[in-house]
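First up is the structure itself, then whatever we jot down about it.
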Amino acid sequence: MFTILDAIQKSAIRIKDAIDKKDLGYSQEQNSSGETQLQLDIQSDLILEEEFSQIPMIHSIASEEKNESALLNKDGNIYIAYDPLDGSSLVDVNLSVGSIFGIYQDSFSPRNMIGACYVIYGPRVELVYANQYRVELYLLQDGTFEFMREIKLKEKGNIMAPGATQQFWPAHHKSMIDRFFSEGYRLRYSGGMVPDLHQILLKGGGLFSYPGADDKPDGKLRLLFEVYPFAFIFEVAGGRAINGHIRALEIEPRHIHDTSPCFFGSKYEVDEVYRVYNS
Ligand code: F6P
């Protein structure tokens with residue numbers, strides 16, 4: 001696992017360098033989700049593939065930027081699914097973006113998940129890594145990632161990150177979000193999943209929601225590249241992650257690019273989501 005974390009750290013430093021120094025604009029390509037790819041997306045993807053290709057224990061990789069997974073070593077047993085640069089269109093407006101990783105043994109099933117990680121490229125570069133037992137925060141300083149602290153969620157937070165287009169939210173979702181605000185929750189939504197969830201984790205709680213809505217019944221966020229890694233991290237940190245009805249980590253993907261409605265947060269808020277979505 002150390003080798004994988006090492007490869008992620010090396011890649012993060014190279015990706016940060018690309019974000020800082022290059023204004024690469026758009027490519028002519030679209031990714032599997034139909035979004036026009038930024039040159040920066042493509043470059044981040046190439047960096048990760050290059051670093052992961054050097055690790056014999058990795059059997060396969062799946063990238064949000066590619067249609068299919070790729071076999072690296074048939075004798076390996078580790079599977080890594082990643083979004084090389086989530087929220088990359090926010091680079092233009094100088095908001096934080098991130099890389100997200102799910103680490104599996106033997107297949108890309110959430111039941112086989114053994115770790116998850118993300119890197120946030122903001123005013124500072126931070127890395128959050130979770131194994132089955134704990135979630136750790138690292139800060140990039142002078143070229144190395146230094147351990148800062150363990151991350152644990154409280155029972156209840158006070159911030160709300162409500163995703164998707166409000167015009168298309170189901171009525172029960174809208175009234176639930178309104179109720180949270182009337183309880184005193186404050187709005188914290190940048191449009192980048194990594195910074196929005198990072199804020200909830202570091203502030204100790206709150207709720208990030210991306211519901212199924214009229215325009216996107218299955219939500220927008222991808223199970224393998226976005227939902228499972230954060231679900232794993234939130235659960236290990238003492239929080240919850242559901243699709244409204246079941247744990248996000250119990251949803252089996254049919255295809256590597258499947259999306260799902262998702263709710264991540266501390267216990268109080270996610271229990272309320274469950275109550276509203278199941279009554
Ligand atoms: O998946 C890309 C992404 O940019 C996420 O990082 C973010 O949470 C989400 O889309 C924002 O979507 P919306 O603008 O529809 O709320």
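Numbering of ligands and ligand atoms starts at 1, following listing order. Everything numeric here is computed off the predicted structure, so don't read it as measured data.
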Tell me which part of Ser89 gets within contact of ligand 1: side chain, backbone, both or neither, using heavy atoms under 4.0 Å.
neither
Please table the atom pairs, donor to acceptor, closer than 3.5 Å between any side-chain atom in residues 140-155 and protein atoms at least two apart or in another chain.
| residue | atom | partner | partner atom | Å |
| --- | --- | --- | --- | --- |
| Thr144 | OG1 | Gln141 | O | 3.3 |
| Glu150 | OE1 | Arg134 | NH1 | 3.0 |

Within 6.0 Å of NZ in Lys203, more than 12 heavy atoms from elsewhere
no
Given His257 and Phe225, is the ring-ring contact (aromatic ring centres under 6.0 Å, His included) satisfied, shown in steps?
CA-CA 8 Å; His257 287 279; Phe225 308 115; 5.1 Å; yes
Given 3.5 Å as the limit, does a donor-acceptor pair link the side chain of Asn243 with the main chain of Cys262, or not?
no
For ligand 1, is any non-hydrogen atom under 4.0 Å from Leu90's backbone (N, CA, C, O), its side chain (CB onward), both, or neither?
neither
Hey, which atoms in ligand 1 end up nearer than 4.0 Å to a heavy atom of Tyr189?
11 (C), 12 (O), 13 (P), 16 (O)
Any donor-acceptor N/O pair, Asp258 side chain to His255 backbone, under 3.5 Å:
yes
Consider every N or O of Phe208 and every N or O of ligand 1, then say whether any pair is closer than 3.5 Å.
no
Within the 4.0 Å heavy-atom shell around Asp86, which atoms of ligand 1 are there?
1 (O), 2 (C), 5 (C), 6 (O)
Less than 3.5 Å apart, any donor N or O on the side chain of Asp45 or Ser63 sitting next to an acceptor on the other?
yes
Would you say Lys220 has any N or O atom under 3.5 Å from an N or O of ligand 1, going by distance alone?
yes
Tell me whether Met193 has any N or O atom under 3.5 angstrom from an N or O of ligand 1.
yes
